[in-house]
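Following: one structure in structure tokens, then a few remarks.
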There are 2 protein chains.
Amino acid sequence: MELKQQVAVTLAEVAEAAGVGESTVSRVLRNHGSFSGKTRERVMAAVERLGYVPNRIAGTLASTGSRLVAFVIPSLSNIVFPDVLRGASAVLEENRYQAVFSVTDYDPAKEEELAAAMLAWRPAAVMLAGYEHTEGTVKMLRASGCRVVELLDLDGDALDIAVGFSNRAAGRESAAFLLERGYRRIGYVGHDLNRDTRAGKRFSSFCETLEARGAPLVAREIVADASSVENGRLGLQRLLARASDLDAVYFSNDDMALGGYFHCLAEGIAVPSKLAIFGYNGLDIGRAMPQPLSTIRTPRVATGKIAAQLVVANAPPQTVDLGFELIEGATA
Amino acid sequence: MELKQQVAVTLAEVAEAAGVGESTVSRVLRNHGSFSGKTRERVMAAVERLGYVPNRIAGTLASTGSRLVAFVIPSLSNIVFPDVLRGASAVLEENRYQAVFSVTDYDPAKEEELAAAMLAWRPAAVMLAGYEHTEGTVKMLRASGCRVVELLDLDGDALDIAVGFSNRAAGRESAAFLLERGYRRIGYVGHDLNRDTRAGKRFSSFCETLEARGAPLVAREIVADASSVENGRLGLQRLLARASDLDAVYFSNDDMALGGYFHCLAEGIAVPSKLAIFGYNGLDIGRAMPQPLSTIRTPRVATGKIAAQLVVANAPPQTVDLGFELIEGATA
DNA sequence: GTCTATTTTGGCAGCGCTGCCAACAGTGGA
DNA sequence: TCCACTGTTGGCAGCGCTGCCAAAATAGAC
């Protein structure tokens, strides 16, 4: 196929071809320092002619900071994280930063391992989900000297920068909403809470609110693996098998809720008159449903965007609460 | 907050602390070359004590190849690409490779720009979606000497490695399926085809097949922006407003199809007796619908996985057809 | 035309690591 | 005891770039 010309063109070769010094080429290419217009042209011509592509590895080593931003995220199946990446990547690309990522699969030990691997690239910042990290991870991040951004959670103490919203508040407001609508026999269908600690926080504050108002959770069904539409459907089916007289169900997220809604459609359970459904995330799909999903819309893309902006601007340590929005749909 | 100890620990410091030479530390850490057990222990103790994190930037510069794999993908909203990343990232992490990505937003010019930025990191491989690249991109990739993997499309000529399936075949089989089921007045609802060239290929071979069998496409509706459930719903609504007597609609993907299904639910259009719906992608959500979605399941995760494996193994140039599976759901 | 202020330029020492090579042990056999 | 061998080890020259500094060129002032 193509012949691998392993030997890439170097700065020195460009300098020679343009008949100038290396540092001059470097200055021209980075548009930094001073040089004459004539020099600039000659350098650019040589760059063009040789097809020179600067070596950022060398550049980063020689200068101080890298323009890499490392994302250590729990999952790519849960749309939340692609959304965050999407918000961040636009800002990063504009500012000529590069996004690197790895996926922990919600495993703190793996997070530690991957964070270490990331730090080896000396990134400008490391972005992580939430506050629950191993001691080792925290120690490493602290010692690294690079910026740390914790995303999508505000219920805890930030290491450096935190951007997101309160999951506890989300759980609380969801409960309050259902109670205000008059639901009293409320159930829950969720996915693995030990791993997804943010879902766990929502659930526990949801339950606390219900109890405080005298209508404690009636039943719950936790599916073993990750959240999905199918698991939501299955979860609701199982929950109703055990507690058929529920009047509302809170789901760990919109995917699960959609599954629950499908179950109701398939079984002819009237929503919300017979059973109300409430989700979490505010995915676009919820708006397109025959009955718009009642849920909480979270600022996922904005979280990524703001996080990236703060990193690019090298902002001081801070916590940014982007809030969330309760969507009064037609399912609860 | 945390004090930034900008000065990271270096190999030399570890060597000094352990009372050995730099190369010895390097050998121990990479488990490469020979060294005694005693030396190993002393080195590891020093590493632990100082909290040393190797600098991969320097390592990569000094050695030949980098362990970076660059993904230049069109979108993160379309679940297809997170799925591919997911498949790849597991393999890459196992092999201590690092994934870097950027998002082109389906813009070839942006792809060129971003590919150039990626090449500056001297990645081991660049992964791109499909075959449609600018001349500049192709030239750059060829000259770079790094592996190039083109994903999710096989209808064209590969630069180096290609992994995916034929979108034309997918369009053809979708058409054949609908025709065999007896549908004759078929419409199409899709999203921006100029940008998503793979959707364009599916559509054109779909139409060709219909025509060849004497039942040309009756009507089509192309929504302006990206695919989404809402756009699918809206698209079908508009399409039916113009052509109310269709008996089947082919959607550009499952998101769009789901939107169409929701429209039917909301309007009381019986599926599939009054109107059949056919999608593309085989998302999990389709299985959980009250009526499972008829669609084509594409090997998205596997595409990422195989691509990563080939890169890790430094396999020779090749084209891998992973095929796809037609799902006979209940909507067509 | 001289002299100073300013702009433009090149040389070169690193950045932290790897890879090569030479030096230095141990080990067993003669 | 000496020799050849295998197993360990350290020194040091880069990898390709940036940043500093001094030198050279140019411009401006008189």
Side-chain angles (χ1 to χ4, degrees), chain A residues 6-43 46-47 50-68 96 117 119-124 144-146, chain B residues 6-43 46-47 50-68 96 117 119-124 144-146:
Chain A
Q6 302 284 20
V7 275
V9 183
T10 69
L11 230 208
E13 298 176 76
V14 175
E16 168 132 41
V20 299
E22 294 183 37
S23 22
T24 302
V25 177
S26 176
R27 275 185 297 254
V28 170
L29 287 175
R30 285 177 300 149
N31 196 29
H32 175 272
S34 61
F35 46 82
S36 69
K38 201 180 309 169
T39 302
R40 194 195 126 81
E41 274 168 38
R42 281 205 298 173
V43 169
V47 164
L50 300 179
Y52 173 67
V53 177
N55 185 331
R56 284 264 228 161
I57 303 268
T60 302
L61 180 62
S63 62
T64 44
S66 90
R67 275 175 177 275
L68 285 174
R96 308 185 45 224
L119 287 177
W121 287 98
R122 300 292 187 270
S144 75
C146 82
Chain B
Q6 302 284 21
V7 273
V9 183
T10 68
L11 229 209
E13 298 177 78
V14 174
E16 169 132 40
V20 299
E22 293 184 36
S23 20
T24 301
V25 177
S26 177
R27 274 186 298 255
V28 170
L29 287 175
R30 285 178 299 148
N31 197 29
H32 176 272
S34 61
F35 46 82
S36 69
K38 202 179 306 171
T39 303
R40 196 196 125 82
E41 275 169 36
R42 283 204 298 175
V43 170
V47 164
L50 300 179
Y52 172 67
V53 177
N55 186 330
R56 285 261 231 164
I57 305 270
T60 303
L61 181 60
S63 61
T64 44
S66 90
R67 275 176 177 274
L68 286 173
R96 308 185 45 227
L119 286 177
W121 287 99
R122 300 291 188 269
S144 74
C146 80

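What's counted below: heavy atoms across the whole structure, side chains too, no hydrogens, waters or symmetry copies. Fair warning: this is a prediction, and the values are worked out from it, not measured in the lab. Throughout, protein chains are lettered first and strands after them, A, B, ... in sequence-line order, and every chain is numbered starting at 1.
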- Whole angstrom value for the distance that separates C1' of dC17(C) from CZ of Arg67(B): 15 Å
- Task: Taking Glu41(A) for its side chain and Lys38(A) for its backbone only, find out whether a donor-acceptor pair lies under 3.5 Å.
- Result: no
- Message: Using heavy-atom distances to pick each residue's nearest nucleotide on DNA chain D, tell me which of Ala58(B) and Arg27(B) is more 5'.
- Response: Arg27(B)
- Item | Phosphate-side-chain proximity, Arg30(B) and dG19(C), N/O vs OP1/OP2 below 4.0 Å | yes
- Task: Please state how far atom CG in Leu29(A) lies from atom C1' in dG19(D), giving the value in whole angstrom units.
- Result: 16 Å
- Message: Can you identify which nucleotide, out of dT18(C), dT9(C), dC17(D), has its nearest atom closest to the Thr10(A) side chain?
- Response: dC17(D)
- Okay, side chain of Ser66(B), backbone of Thr60(B): is any donor-acceptor separation there less than 3.5 Å? no
- Task: Please check if atom CD in Glu16(A) has more than 12 non-hydrogen atoms from other residues, nucleotides or ligands closer than 6.0 Å.
- Result: no
- Message: Using whole Å, what does the distance between atom P of nucleotide dG10(D) and atom CG of Leu11(B) come to?
- Response: 12 Å
- Item | Donor + acceptor pair across side chains of Thr24(A), Arg27(A) (<3.5 Å) | yes
- Query: For Ser34(B), which contact category applies under a 4.0 Å heavy-atom criterion: base, sugar-phosphate, or nothing?
  - Reply: base
- Comparing nearest nucleotides in DNA chain D, the 5'-proximal residue of the pair Val25(B), Arg122(B) is Val25(B)
- Between atom CG in Leu61(A) and atom C1' in dT18(D), what is the gap in whole Å? 10 Å
- When you check the side-chain N and O atoms of Ser36(A) and Arg40(A), is any donor under 3.5 Å from an acceptor? no
- Query: Is a donor-acceptor contact shorter than 3.5 angstrom present between the side chain of Ser36(B) and the base of dG7(D)?
  - Reply: no
- Message: Between P on dC17(D) and CH2 on Trp121(B), what's the gap in Å once rounded to a whole number?
- Response: 13 Å
- Taking CG from Leu50(A) and P from dG16(D), how many angstroms apart are they, rounded to a whole number? 15 Å
- Message: From NZ of Lys38(B) over to P of dG7(D), roughly how many Å is that when rounded to an integer?
- Response: 17 Å
- Hey, does the side chain of Tyr52(A) come within less than 4.0 Å of dG16(D)'s phosphate (OP1/OP2), counting only N and O? no
- Task: Classify the nucleic acid contact of Ser23(A) as base, sugar-phosphate or nothing, counting any heavy atom under 4.0 Å across all strands shown.
- Result: base
- Message: Reading DNA chain C from 5' onward, which residue's closest nucleotide shows up sooner: His32(B) or Arg40(A)?
- Response: Arg40(A)
- Item | Touch class at under 4.0 angstrom, heavy-atom based, for Thr60(A) against every strand present | nothing
- Message: If you only use heavy atoms from C-beta on, which nucleotide in dT18(C), dT9(C), dC15(C) is closest to the side chain of Thr24(A)?
- Response: dT9(C)
- Whole Å only: how far is the CG atom of Asn55(A) from the C1' atom of dG14(D)? 14 Å
